[in-house]
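Down below is the structure, laid out as structure tokens.
In the text below, chain A, chain B and the rest are named by the order of the sequence lines, each starting its count at 1. Small disclaimer: the values here were computed from a predicted structure and weren't measured. Reckoned from all heavy atoms, side chains included, excluding hydrogens, waters and symmetry mates.
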Amino acid sequence: MDRRSILKAAGTISAAAAALAAFPRAVFAAYSEKAFKNPKVEDSLNELFGGNATTPSGDVKLKAPDIAENGAVVPIEVSTSLKADKIAFMVKENPNPLAIVADIPAGTEAMVKTRVRMGKTTQVTAVVSSNGKLYTASKEVKVTIGGCGG
Amino acid sequence: MSSIRIKAKERKGSVDVKTLMKHNMETGLRKNKDGSKIPEHWITDVTAESGGKTVFAAAFNTSISKDPYLAFAFAGKKGDTLKISWKDNTGKTDSAETVVK
Amino acid sequence: MFKGLTVGLVAVAMSMGASAGASNVSSSKLIKEATAAYKQVSKDTGYQWTVSVKALKAAQAAFDKGKYTDAEAHARAAMDLIEATRLQAKIEADTWKMRVPK
Amino acid sequence: MKTIIRSTLGTLGLGLALGVSAGPVEDQAAFQKYYENKFPNTPVMDFQNGVYSILPEARQQWEAIEEFPPYEIAIENGEKLYHSKFANGKSLADCFGPEGAVRGQYPFWDKDRGMVITMERAVNECREANGEKPYGWKKGKIADVTAYMSFNSRGQEIKVDIPSDDPRALAAYEEGKEQFYTKRGQLNFACADCHMLTAGNLYRADTTSPAFGHATSWPVFRSKWQSMGTLHRRFAGCHNNIRANPYKAQGTEYSNLEYFVTYMSNGLEFNGPAARK
């Protein structure tokens, strides 16, 4: 809960960002308006990682369906053999693409599973931050409009 | 009853964690029957602590599905305690503890 | 079967267009007739189409607003749908047996 | 399961040979055989997994959801409701035993009352008999309680009985059967059209599930609903889709339809609650 009290003390969003800058490695990923309420993937990456140059990598394994059964609940999973400190998911054409960013402290496996919402057919990208660089894996997930929605 | 369900099981020195957090995760895009927007309401931060240190943390957007699900794995053993907490955008928090099986 | 229903649907489309000189009295009468037909079909077949209910409600709503031409159009549409429901039930009374695997 | 099929097939063969008109046993054999022929790659017992028994891609997502299924919350709620005391000090446990593992007994034909009794009805009748108000029929507490009871009953065999010494039971079955095969609504579909004759086909973007196995997994957490619901809630949803007015949940029509559909899945196992699209 330490980082929470830091954030609380800092008070405003910009102060929280300042706190992030002051503790670039020690502070865990916290929600930030600038990273999450942002329609541009590049800007979100900048906000999260201080850079947005990414390299597709076969070492990042992304599991996502070809066709989503239901756009409201799309299971996704990423794992990597790289030594990761952070993992993020982007859903390209969602109003705000960044869905989640997770911290992977030492001793924790570089793996995250969750379920996301997708408004329409688009690319899902997993971003792994490792040794100051960003590695990605992407996949297009089709979202269809149901016929027998009941 | 806590809003958080946790399953934590050790497998060769690694603890597999699966957690489900009951939360509406309102996107702010849905409308009431009268046409007014339902305000956004979602979990922004989740942390998992074990043995006095953070073993996993995540920040969510509104695009995480209702009743968010997370699975991860950390170095630990049977008998360790694991505490998972969340905070939402209204400042509400909840937490739950479990013992690794 | 299909033909019967198509006829029903075409009739709906046509009746939406035609109705001049609608009045309080004439539209009220039509709505009453449609409602009576609805009740009779419910009794005879045990079921209804959702669209018939919607058309009846639309007719009543238009009537309440004094839009008698619209009210009559909706009431006629309801009657056609109700008639198509009756036709469906009549055809299905025996046809369903053909779908049972032997 | 296998014995059932073999014996019913035997009966069927005999029935045809002698020119006897089809009864429930023959219906069931022909029904199950129909799906086995239509989906030869699906192991028979797998039909209880609904559309996922025939759609490998969707199945993977379903399995990911089942890792921590959303209905677990319902099961926990249901457990609390199940054991919470009525005003008179009793609880549902006094009607259905310590765990409520009675799914395999429903639906059944009640000879005394001359009607089909579903598990939901039994739960509410237990409440009313103890001076409590019944739950609503389609979602909420009824779904939570039956989720708990179904969960504790997983693996029980479906063996719906149509007692031969009560012609009214056969009549109820026949009525359910007629419901299943009769076209309804402005879209002019029968249950059998989508879930039998064209089961596995796409309707816009949805693949229809085989009706063999339809009644096994209730109550269900549907992603579409984002909540739990009972079988009769789903029946009503289907009827709305084809633009037919739904019947009342737990009315004669849906109860008899449940009786028929569940009987058709005899030999499978109850495996509810479940997660569905």
Side-chain angles (χ1 to χ4, degrees), chain B residues 1-11 14-33 37-43 46 48 56 58 60 62-74 82-86 88 92 94-98 100-101, chain D residues 52 57-85 91-92 136 138-145 147-148 150-152 154 205-206 219-229 233 236-237 240 272-277:
Chain B
M1 190 163 42
S2 170
S3 64
I4 306 172
R5 271 66 170 175
I6 310 170
K7 292 177 188 173
K9 207 174 173 193
E10 188 208 326
R11 170 181 53 88
S14 177
V15 178
D16 279 336
V17 183
K18 291 172 183 162
T19 180
L20 194 74
M21 292 155 267
K22 193 168 166 51
H23 198 288
N24 267 344
M25 298 296 282
E26 283 297 344
T27 58
L29 303 171
R30 287 203 317 142
K31 285 180 178 170
N32 282 312
K33 275 184 184 157
K37 274 194 178 174
I38 302 173
E40 53 182 12
H41 182 206
W42 82 104
I43 292 177
V46 179
F56 186 87
F60 287 172
T62 48
S63 51
I64 296 295
S65 301
K66 183 185 168 183
D67 298 336
Y69 169 72
L70 268 181
F72 56 91
F74 68 96
L82 173 71
K83 182 181 173 187
I84 295 181
S85 337
W86 59 253
D88 71 20
K92 209 182 140 204
D94 197 8
S95 66
E97 257 185 42
T98 190
V100 175
K101 281 182 184 155
Chain D
Y52 307 116
E57 161 79 18
R59 190 187 187 102
Q60 283 185 8
Q61 291 172 66
W62 173 62
E63 283 169 353
I65 301 280
E66 287 278 341
E67 269 183 20
F68 209 133
Y71 56 70
E72 288 206 4
I73 294 167
I75 294 173
E76 281 184 33
N77 287 346
E79 180 171 12
K80 269 201 314 193
L81 292 167
Y82 188 83
H83 294 285
S84 66
K85 298 269 182 261
S91 71
L92 287 170
K138 287 184 178 173
K139 54 184 174 181
K141 289 175 178 171
I142 192 75
D144 289 353
V145 160
Y148 171 72
S150 294
F151 183 72
N152 288 337
R154 276 186 177 182
D206 284 339
V220 153
F221 185 97
R222 266 191 105 210
S223 304
K224 178 87 190 174
W225 292 335
Q226 287 291 300
S227 70
M228 299 290 297
R233 180 181 181 190
N240 262 318
R276 289 288 184 271
K277 179 179 180 173

Notebook entry, point to check: So which part of B:Thr19 gets closer than 4.5 Å to some heavy atom of chain D, the side chain, the backbone, both or neither?
Noted result: backbone
Next item on the list: Would you confirm whether B:Lys66, through its side chain, and D:Gln226, through its main-chain N or O, come within 3.5 Å as a donor-acceptor pair?
Entry: yes
Check: Any ion pair linking B:Lys7 and D:Glu72 (charged N to carboxylate O, less than 4.0 Å)?
Finding: yes
Notebook entry, point to check: Where do D:Phe68 and B:Lys18 come nearest, in terms of heavy atoms and distance?
Noted result: CE1-O, 3.2 Å
Notebook entry, point to check: Measuring from B:Lys22:NZ to D:Asn77:CG, what's the distance to the nearest 0.5 Å?
Noted result: 7.0 Å
